[in-house]
Student: 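After the structure tokens below, expect a handful of questions from me.
Order of appearance sets the numbers: ligands from 1, and atoms from 1 within every ligand. What you see is a predicted model, and the numbers here were worked out from it, not measured in a lab.
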Amino acid sequence: MTVHIIDFSRASSNPLNPLGLNLRKHIWEELDKALNNEEVTSVLLTGGKSGNFSAGADIKEFSQLDSVATGTNVYSLVDVVDKIENFSKPIVAAISGVALGGGLEVALSSHYRIANKSSKFGLPEVNVGVIPGAGGTQRLPRLVGFQTALTMILTGKPIKAEKAKQSGLVDHITSNGESVLTSGIKWAEWAALMPLVGRRVGSLKIKETVEEVEIIASVAGKRLPPQNKGGQGLRAAIEATKACTKPIKEGCTVELNLFLQTLAGEEGKAKRHAFFAVRKAQKPLGKPPSQHPLLQKSVASETVAVVGAGLMGSGICMVLLQAGFTVYLVDVYKESLDKGVAFLRGTIQSYVKRGRMTEEIAAKMLKSMKPTQKFEDLAACSLVVEAVIEDMKIKKKIFSSLDKITSPSCIILSNTSTLDIDEMASAVSPQRQSQFAGWHFFSPAHIMKLVEIVAGKATSPATICVLQSLTRRIGKIGVVVGNCDGFVGNRMLISYSAETALLLEEGAGSVPTIDKAFINFGMAMGPLQMGDMAGLDIGYNIRKQRGWIGGGTAARSMPKPARYPEVADVIVADYKRLGQKSGKGWYDYDKNIGKGRKPLPSKEVDALVRRYVKHGSKSLAEKEIIERVLFPLVNEGFKCLEEGVAQQPSDIDVVYLYGYGWPVFHGGPMYWADHQVGLEYMLSRLRTFAKQFPDTDYYQPSKLLETCVTMQVTVEQYFELGINKRQTGGLVAKL
Ligand SMILES: C/C=C/C(=O)SCCNC(=O)CCNC(=O)[C@H](O)C(C)(C)COP(=O)(O)OP(=O)(O)OC[C@H]1O[C@@H](n2cnc3c(N)ncnc32)[C@H](O)[C@@H]1OP(=O)(O)O
């Protein structure tokens, strides 16, 4: 009795074994060998030494439309899966690590599925803008039922082995330390003696009736976003899965057609851009020192600290505790410290209550949390993050103390969102400056994925590399950016808040109608509601520091823009409307409605805005509102690239996708401009706006944008083709 082993890792250089042409051809040829060898009685599919079965079809191949799933190509995934299911000798899939997308489809077409405890199973195709295309929507419901299958397909969330076993997806989970390979071989030997009848999933019937399927599908469909707002893939997924009531061949044809539709659609392209952009942004810019204490396997004995126990500081503390560090939370004010600790305890408890954390981990985290009012306690820390109020004087004083107290190898970081990293670095000794950088989390820090890693003039490449690894380790997405006012994200946001307030004064629309334009664009909320959430006093204080309010001795004097939305100052100074936290901002909030977070139109704000609107002003169409606000935002992105503050356009997309809720079906602002708007059109509109508002800097087109239009390339091509010679004076040149 011989088991023929097909080891995926032999035909893949990626440990995730994406099913590219090479691997598909390998499987195909090995199956032929197994068929033609009379001694072979069964086949075992394994991910091999990589530790993963397969992460699915090779997404990089998706630009060649016919390579993945159409029958026009030899070794297409559809053909491979059919060949497996209809194979005359039993095939066992021995699954370790991930079996996702096409990887799971291969497993589903096998006759037996063996897994180990840590294996994960999922159909995450919707996350990369397609639907399962090799029978996933047809075979999964036949095994686990329509409801479970549809949930897995629509959420894209993988399930663990235990759940997979319960639902019928997996036949056996290894135990007593037996490897999945050893167990799989035993199963394959046993399977050789058993009839194959009933083991071909495609020949099974689903448990639900057609009517039940219709009801479940219709309920799920009601919760989806509209077709043109990220709902295309999800709707296609429901349609395809519903076809599982048909015979397998018919159902697979329905699925394949819908797969190809989503593959060619703009939504899918934008989502795949986002998938690769995130990975590109996180690519290490160099090799971090392997022995660095922050990057060791176990960090429980490693102490780090967060200075400032406010909302940001406590959020960062939570993230570091979750990563396993021992964390000092420092605040000189007892009351703030207690508040921070209470927040952390509450959050940890709520995670346990919701099943997001075990009691054991929670207890460990609470033990590792070290609240203190004394800076002296931080002597042994290998990293300290400052997260106090945005006041340069206070921050510099803290850095100067930390410089003296901590060891010379300690990395010192600021979570500032706007202040100058180089000026802060000047507060530490010259030897330390290479280990000083910005680590800009977004609020709430324990939830938002994005962190801007801000390289100052003196920050060393080694420090940046350590921060890149560390940021990934704590489960965040780190984007390396240069030091400038607002870094990349907030710098580009200037037009977002200023221009929306100016549009109000211009009479372009009311608070809700302006916000609605952005919601219809796909944002989770409009800029005015976002301002309310962040707190209107934050922008107000920044404008004050710049000397734009009240004059006098501003901390960071800057010329006041000629077009300036007074209404944004008056709403804070005279009306004390600070946003959600004060129960009123651009909107009213009622603590009895939507937990005090639901924005309600405000008569007082309407009256205030009317004071500024000139007689005879005209409301603007949504398209014009979007262009007036978002074109300058993208224009600023071009300026960031021009100056080398952002390294590549896709980094900016990542910042906006993960820090500002940019809709993924628009791919990110730079992708949107390149592929959905067109740079030529955007430039012409910016030129029109610049003529209309000659004193507004953000409408002045960037040189890089003009160059791209002249050269007729997208900004993505401009960077990918290496047209930029990396001669810019900023971060890019340095790295
Ligand atoms: C008809 C069939 C359709 C389909 O099957 S569509 C594809 C369905 N599958 C997926 O959507 C899974 C996509 N992959 C992932 O979600 C993640 O990866 C994992 C959760 C599997 C692992 O995450 P982590 O351990 O953080 O690794 P990493 O940095 O995401 O990936 C390592 C490298 O592997 C590449 N990669 C991952 N999956 C695929 C794939 N399916 N096709 C092509 N490449 C893939 C990445 O890009 C990256 O590459 P670099 O190192 O060059 O950045």
Student: So for ligand 1, is G101 a polar contact partner (N or O within less than 3.5 Å, distance only)?
Tutor: no

Student: For K364, does the NZ atom have more than 12 heavy-atom neighbours from other residues, nucleotides or ligands under 6.0 Å away?
Tutor: no

Student: Within the side chain of D674, is there an N or O that forms a donor-acceptor pair under 3.5 Å with the backbone of T714?
Tutor: no

Student: May I ask whether K120 has any heavy atom positioned less than 4.0 angstrom from an atom of ligand 1?
Tutor: no

Student: Determine whether more than 12 heavy atoms belonging to other residues, nucleotides or ligands lie under 6.0 Å from atom NZ of K271.
Tutor: yes

Student: Checking the side chain of S119 only, and the main-chain atoms of I95 only, is there a donor and an acceptor separated by less than 3.5 Å?
Tutor: yes

Student: Show the atoms of ligand 1 that are less than 4.0 angstrom away from any heavy atom in G133.
Tutor: 1 (C)

Student: Has ligand 1 got any nitrogen or oxygen that is less than 3.5 angstrom from a nitrogen or oxygen of L77?
Tutor: no

Student: So among H4, K25, R10, which one has a side chain to side chain donor-acceptor pair (under 3.5 Å) with E30?
Tutor: H4

Student: Applying side chain to side chain donor-acceptor pair (under 3.5 Å), can you list everything that pairs with Q232, at least two apart in sequence or on another chain?
Tutor: none

Student: Please determine whether side chain to side chain contact (heavy atoms under 4.5 Å, CB included) holds for the pair L77 and V106, giving the CA-CA distance in whole Å, both sets of side-chain angles, and the decisive distance to 0.1 Å.
Tutor: CA-CA 8 Å; L77 194 54; V106 165; 4.3 Å; yes

Student: Do any heavy atoms of P124 fall under 4.0 Å from ligand 1?
Tutor: yes

Student: Evaluate F259 for polar contact with ligand 1, using N/O atom pairs at a separation under 3.5 Å.
Tutor: no

Student: Taking only heavy atoms of R472, which atoms of ligand 1 are found under 4.0 Å from at least one of them?
Tutor: 26 (O), 29 (O)

Student: For atom 51 (O) of ligand 1, which of K283, E125, R272, R279 has the closest heavy atom?
Tutor: K283

Student: Nearest heavy atom to atom 39 (C) of ligand 1 wins, so pick from A281, P18, G135.
Tutor: P18

Student: Taking T137 for the side chain and G133 for the main chain, is one N or O donor matched with an acceptor at less than 3.5 Å?
Tutor: no

Student: Report, in ascending order of atom number, the atoms of ligand 1 lying under 4.0 Å from any heavy atom of F276.
Tutor: 47 (O)

Student: Who's closest to atom 20 (C) of ligand 1 heavy-atom-wise, of V128, V278, V130, L100?
Tutor: L100

Student: Please classify the E105 to ligand 1 contact at 4.0 Å (heavy-atom distances, strictly less than): side chain, backbone, both or neither.
Tutor: side chain

Student: Heavy-atom distances under 4.0 Å are what count here, so tell me which part of A57 touches ligand 1: side chain, backbone, both or neither.
Tutor: both

Student: Using a strict cut-off of 4.0 Å, indicate which atoms of ligand 1 neighbour a heavy atom of G56.
Tutor: 5 (O)

Student: Ion pair present between D32 and K83, side-chain N to carboxylate O less than 4.0 angstrom?
Tutor: yes

Student: Could you name the option among I59, N17, L16 that has the heavy atom nearest to atom 42 (N) of ligand 1?
Tutor: I59

Student: Measure the CD1-CG distance between I316 and L413 for me, rounded to the nearest 0.5 Å.
Tutor: 9.5 Å

Student: Run the contact test for N14 against ligand 1 with a 4.0 Å cut-off on heavy atoms, strictly below, and give the result.
Tutor: yes

